[in-house]
A.B. asks: 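Have a look at the structure that comes next, please.
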Amino acid sequence: MDKQALLSRISIDPNICFGKPCIRGHRIWVSLVLDLLASGCTFEDLLERYPGIEEADILACIAYGAEMSRDRYVDIPIEESV
């Protein structure tokens, strides 16, 4: 999966989770996933803890974090929830 496909799995909606970047369709913050990985959680741990997500969602969080660490703005379209 290429980087753009991964980043499309991230959403930002000002009405969901205070507009923080989340895994699309979930209220799981990108920063939470990165914090859990940094604390030693494995992909398997995360998939077990959050059964609705996929490995590609975790990779998307890493890709988003990598882009943000380069001081690049990642253009994620803002969604309005219904």
Side-chain angles (χ1 to χ4, degrees):
M1 187 173 289
D2 70 4
K3 184 170 47 173
Q4 270 317 113
L6 284 174
L7 291 175
S8 73
R9 300 178 79 94
I10 303 300
S11 68
I12 298 172
D13 181 333
N15 297 310
I16 297 175
C17 295
F18 313 103
K20 294 188 180 285
C22 294
I23 296 173
R24 185 174 301 286
H26 301 275
R27 293 175 181 263
I28 303 170
W29 296 358
V30 168
S31 60
L32 172 66
V33 173
L34 295 175
D35 283 340
L36 290 170
L37 288 169
S39 70
C41 281
T42 64
F43 278 36
E44 293 77 20
D45 294 334
L46 289 171
L47 295 171
E48 186 176 312
R49 187 178 291 192
Y50 302 103
I53 67 170
E54 302 172 16
E55 184 174 320
D57 295 320
I58 300 169
L59 292 173
C61 292
I62 295 169
Y64 185 87
E67 287 300 309
M68 296 307 291
S69 74
R70 291 186 190 100
D71 291 328
R72 291 186 190 161
Y73 176 76
V74 178
D75 188 23
I76 303 288
I78 295 179
E79 300 175 5
E80 294 292 329
S81 58
V82 180

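No hydrogens, no waters, no symmetry mates; every other heavy atom, side chains included, goes into these values.
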A.B. asks: Which heavy atom of A56 sits nearest to which heavy atom of L6, and what is that distance?
C.D. replies: O-CD2, 3.5 Å

A.B. asks: So do R49 and L36 actually touch side chain to side chain, heavy atoms under 4.5 Å?
C.D. replies: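 The answer is yes, as the side chains (C-beta and beyond) meet within the 4.5 Å cut-off.
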
A.B. asks: Report the distance from atom CD1 of I12 to atom CZ of R24, rounding to the nearest 0.5 Å.
C.D. replies: 9.5 Å

A.B. asks: Taking all non-hydrogen atoms of both residues into account, name the closest pair between I10 and C61 and its distance.
C.D. replies: CD1-N, 4.1 Å

A.B. asks: Quick one: do I16 and Y50 end up in the same hydrophobic cluster if we chain Ile, Leu, Val, Met, Phe, Trp and Tyr together by side-chain heavy atoms under 4.5 Å apart?
C.D. replies: no

A.B. asks: Can you tell me how far the CZ atom of R9 sits from the CD1 atom of I53, to the nearest 0.5 Å?
C.D. replies: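 That separation rounds to 9.5 Å.
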
A.B. asks: Are L37 and L47 co-members of a hydrophobic cluster defined by side-chain heavy atoms under 4.5 Å apart?
C.D. replies: yes

A.B. asks: If you measure from CD on E48 to SG on C41, what distance do you get to the nearest 0.5 Å?
C.D. replies: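 These two atoms lie 10.5 Å from each other.
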
A.B. asks: Taking all non-hydrogen atoms of both residues, which atom of N15 and which atom of D13 are closest, and how far apart?
C.D. replies: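 Here N15 and D13 meet closest at N-OD1, 2.8 Å.
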
A.B. asks: Side chains of V30 and V33: closer than 4.5 Å at any heavy-atom pair?
C.D. replies: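 The answer is no; the side chains never approach within 4.5 Å.
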
A.B. asks: What's the separation between atom OG in S69 and atom CD1 in I62, rounded to the nearest 0.5 Å?
C.D. replies: 12.0 Å

A.B. asks: Mind checking the NZ-CZ spacing from K20 to R27? Nearest 0.5 Å is all I need.
C.D. replies: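 It is 14.0 Å, given to the nearest 0.5 Å.
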
A.B. asks: Can a donor-acceptor pair be found, under 3.5 Å and without considering hydrogens, that links the side chain of D35 to the backbone of L32?
C.D. replies: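 Judged by distance alone, no pair lies under 3.5 Å.
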
